[in-house]
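Numbers restart at 1 for each chain; the letters A, B, ... are given by sequence-line order, proteins then strands. In this text the structure is predicted, and so the values were computed from the model without any measurement.
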Amino acid sequence: MMKHISYLNAVTEALDEEMARDERIFLVGEDLDIDGGVWAETKGLVEKYGRRRVLGTPISESAFTGLAAGAAISGLRPVVEYMYPDFIHVAMDQVASQIAKARLMFGGQAPMPVVLRMCASGVGTREAAQHSELLEAWFAHLPGFQVVFPVTAADGKGLMKSALRADGPVVFFESRNVLYKKQDVPEGEYVVPIGKAEVIREGKDLTLVTYGYGRYKALDAASLMEGEIDAEVIDLRTLKPMDMETVMASVQKTGRLLVAQEAAPCCSIGSEVIRRVVEEGFGALKKAPRLVASKDVAIPFSANLEDYVVMQPADIVNAAAEMMN
Amino acid sequence: MLDLKEAYYWMTLIRSFEHRAKSLYRQGQLQGALHLSVGQEAVPVGVCSVLRDDDCVLSTHRSHGHYLAKTHDVEGAIAEMLGRATGCSKGCGGSMHLFNRAKGFLGSNGIVGGGIPIALGAAFAHFYQGTDGIGCTFFGDGAANQGTLHETLNLAALKKLPFLAVCENNGIAATTPTPVSTSDMERTKLAVAYGIPAERVDGNCVEEVAAAAERATAHIRQGKGPYLLDVRTYRVEPHCGIIMDNRDPEVARMWTEEKDALKGLRERHPEILTSEVTSRIEAEVAERLESAVAAALAAPEPELNHFRKTFGV
Ligand SMILES: Cc1ncc(C[n+]2csc(CCOP(=O)(O)OP(=O)(O)O)c2C)c(N)n1
């Protein structure tokens, strides 16, 4: 049985079910206790669990991230929310030098079961340079984190459940373009394991790996190419650890790898996919792999500039056509 | 001495500008984030009335009033917010990223608390060059809870830098009322902790804001170090576009009707701001604003090749 609910409702369901199951879980972030937060991302939870477990904070990212770190070492399981991923920079010491490293520094004795929730990640909404960052590669690069980026309601619920049960810190990216998108979610207990990609369209000509909102652009591109190029589309869902088994199985079949992402190209998730495929399955490749990404520049405000900078389905189609030649 | 007609002109202009921006936003012509400062006009107009072009201002996400009061560049502001090539940031920044170096406006900021230490850097540049200019930051009561403010105040006091901190205390941050986010509402105490002189000011009275800013800048220009103003005001519009809050309607009525900054200014100076004078100012403002909007709407979008060349992409 399925129900048709928004991405945020699905994630809130996961939070609700896990908070009911595990008394150690609490939420912390700006305005979370006022009408469910600015995105309505925790709607109903303060009424149900109270202000002890849904902790609204001042605009003090550094302090409340550190609070989460200290609570986690003390045995609690915090979910820390940033209204936009861009704001986590304010807390970067707590994130990068404390949360990411505590387990290792203290010989494995300091637990850090923290979920960092990056609520409105994305581009394309004319919010300009300081509200449009795609930071997933930063966290994948830092040893210590698992990084997930679900963009369907079902994956949102299923991966939040896994994140809340994980041992170490998980960075949980959410695309602002899907927050209110309604989709089918299985009724009852539903868990998506961390580290599992999904083949979302089968095809034989070319493996198109993507993640985040790129999923929808890749699907658009695949249907634009239909009849000419038969693309197999894979949504990574988890960026670290990366599901190379699924990616490699597809590349073995198609012999071509194209990666599409909305983030900039340098040292990115896409570069990592290509590195892994080249190292682990070079023999399967009939063509040099390619990455289509946004341009290597911050996001400009004006619509024509932003659309130029951000990766679009047409970029995927063009690259795929070149690879088939 | 504050020129009352000039102050009335710019306060009227800022208010009309914000209303016009809101209508452009509703029509879908203005995109992205839009934080309006309706009700708070006396703060930037009062403070900037004592600042010079070489004094530098750093601002926040709610920056239109600061920009207009400091630069008087109505045309560049509206063109920027409409994403045009003629905008003050060449269409690259939008409402949250206005910039005008020549007039000493070193940027609005999308990160709460982000501009505060940058203003300290502008102050340091004056100190370094031996000039008597000032680095001034506007910041909200919400931003006062960021570490940047506390670190900056200490460093400014320690090095006696020409730094003016203006807390625009409008009682709310996004949807959080200040008493819910702040353990002690008296923001002047922040300065006291670092040995910095501070005043609490009625932010809806432009004469009081200007007088306090005059005392502050005199102190700073004499090389005596930083100064903080805790300016009390009220944000009339919602936080940003669609985000609503549950503020007390009675309090809102008090601020918008009884304590309105423009109304108060007219009532305190009926002999100068006669109805003829105010009507003439309002007509001038309307004309200037409409021609700025028309020019912006007619202006081209940023040129792609130019953008590519400038940023190498
Ligand atoms: C570091 C950071 N955290 C959160 C936000 C989201 N945000 C934007 S404005 C705002 C409220 C700011 O309140 P205040 O400083 O009082 O200024 P006001 O909006 O009242 O002018 C918040 C939480 C942000 N832009 N940057």
Side-chain angles (χ1 to χ4, degrees), chain A residues 29-40 51 56-66 82-94 120 123-133 264-266 293-310, chain B residues 30-34 61 80-85 87 89-97 108-114 140-151 173-178 180-183 239-240 242-246 300-304 306-308 310-313:
Chain A
E30 287 154 30
D31 290 9
L32 288 192
D33 55 349
I34 302 174
D35 295 336
V38 290
W39 309 106
R51 292 199 150 80
T57 69
I59 312 172
S60 305
E61 284 85 0
S62 185
F64 69 70
T65 305
Y82 305 90
M83 268 182 203
Y84 281 79
D86 312 62
F87 309 158
I88 202 170
H89 293 310
V90 174
M92 219 49 192
D93 165 57
Q94 293 301 323
V123 288
T125 46
R126 320 302 180 213
E127 287 174 86
Q130 293 178 334
H131 287 68
S132 303
E133 280 212 88
C266 188
S294 294
K295 308 275 187 299
D296 190 11
V297 69
I299 301 298
F301 168 67
S302 181
N304 72 319
L305 299 181
E306 182 174 31
D307 291 345
Y308 168 73
V309 166
V310 172
Chain B
L30 196 157
Q31 294 183 300
L34 182 69
H61 54 287
E80 185 58 36
M81 289 158 61
L82 289 164
R84 299 307 206 263
S89 300
K90 321 250 180 245
C92 289
S95 160
M96 280 192 292
H97 309 299
S108 329
N109 213 303
I111 303 300
V112 171
D141 46 280
N145 296 318
Q146 285 288 36
T148 48
L149 178 71
H150 302 262
E151 296 178 22
T175 54
T176 312
T178 311
V180 176
S181 70
T182 304
S183 63
H239 169 59
C240 172
I242 50 163
I243 299 175
M244 297 306 289
D245 49 70
N246 311 315
E301 56 188 14
E303 219 257 306
L304 199 53
H306 178 73
F307 176 81
R308 294 174 55 179
T310 310
F311 299 104
V313 286

Do [X] and [Y] touch side chain to side chain, with heavy atoms closer than 4.5 Å?
X: B:Phe307; Y: A:Val309; value: yes
X: A:Val90; Y: B:Gln146; value: yes
X: A:Ile59; Y: B:Ser181; value: no
X: A:Tyr308; Y: B:Arg308; value: yes

So which heavy atom on [X] is nearest to which on [Y], and how close?
X: A:His131; Y: B:Gly110; result: CE1-O, 3.1 Å
X: B:Pro177; Y: A:Ile34; result: CD-CD1, 4.3 Å
X: B:His97; Y: A:Ala128; result: CD2-CB, 3.6 Å
X: A:Leu305; Y: B:Gly91; result: CD1-O, 4.4 Å
X: B:Met96; Y: A:Glu127; result: CE-O, 3.7 Å

For [X], is it the side chain, the backbone, both or neither that has a heavy atom under 4.5 Å from a heavy atom of chain B?
X: A:Glu30; value: neither
X: A:Asp35; value: side chain
X: A:Thr125; value: backbone
X: A:Ala303; value: side chain

>> So for B:Asn246, is it side chain, backbone, both, or neither that comes closer than 4.5 Å to the heavy atoms of chain A?
In response: side chain
> If you measure from CE on B:Met81 to CZ on A:Phe301, what distance do you get to the nearest 0.5 Å?
Replying inline: 8.5 Å
> Hey, which of B:Ser95, B:Gly142, B:Ser89 has the most heavy atom pairs under 4.5 Å with chain A?
Replying inline: B:Gly142
>> Under 3.5 Å, is there a donor on one side chain and an acceptor on the other for B:Thr175 and A:Asp31?
In response: yes
>> Going by side-chain contact (heavy atoms from CB on, under 4.5 Å), A:Pro58 matches just one of B:Asn145, B:Asp141, B:Thr178. Which one?
In response: B:Asn145
> Does A:Asp296 use its side chain to pair, donor to acceptor, with the backbone of B:Val313 at less than 3.5 Å?
Replying inline: no
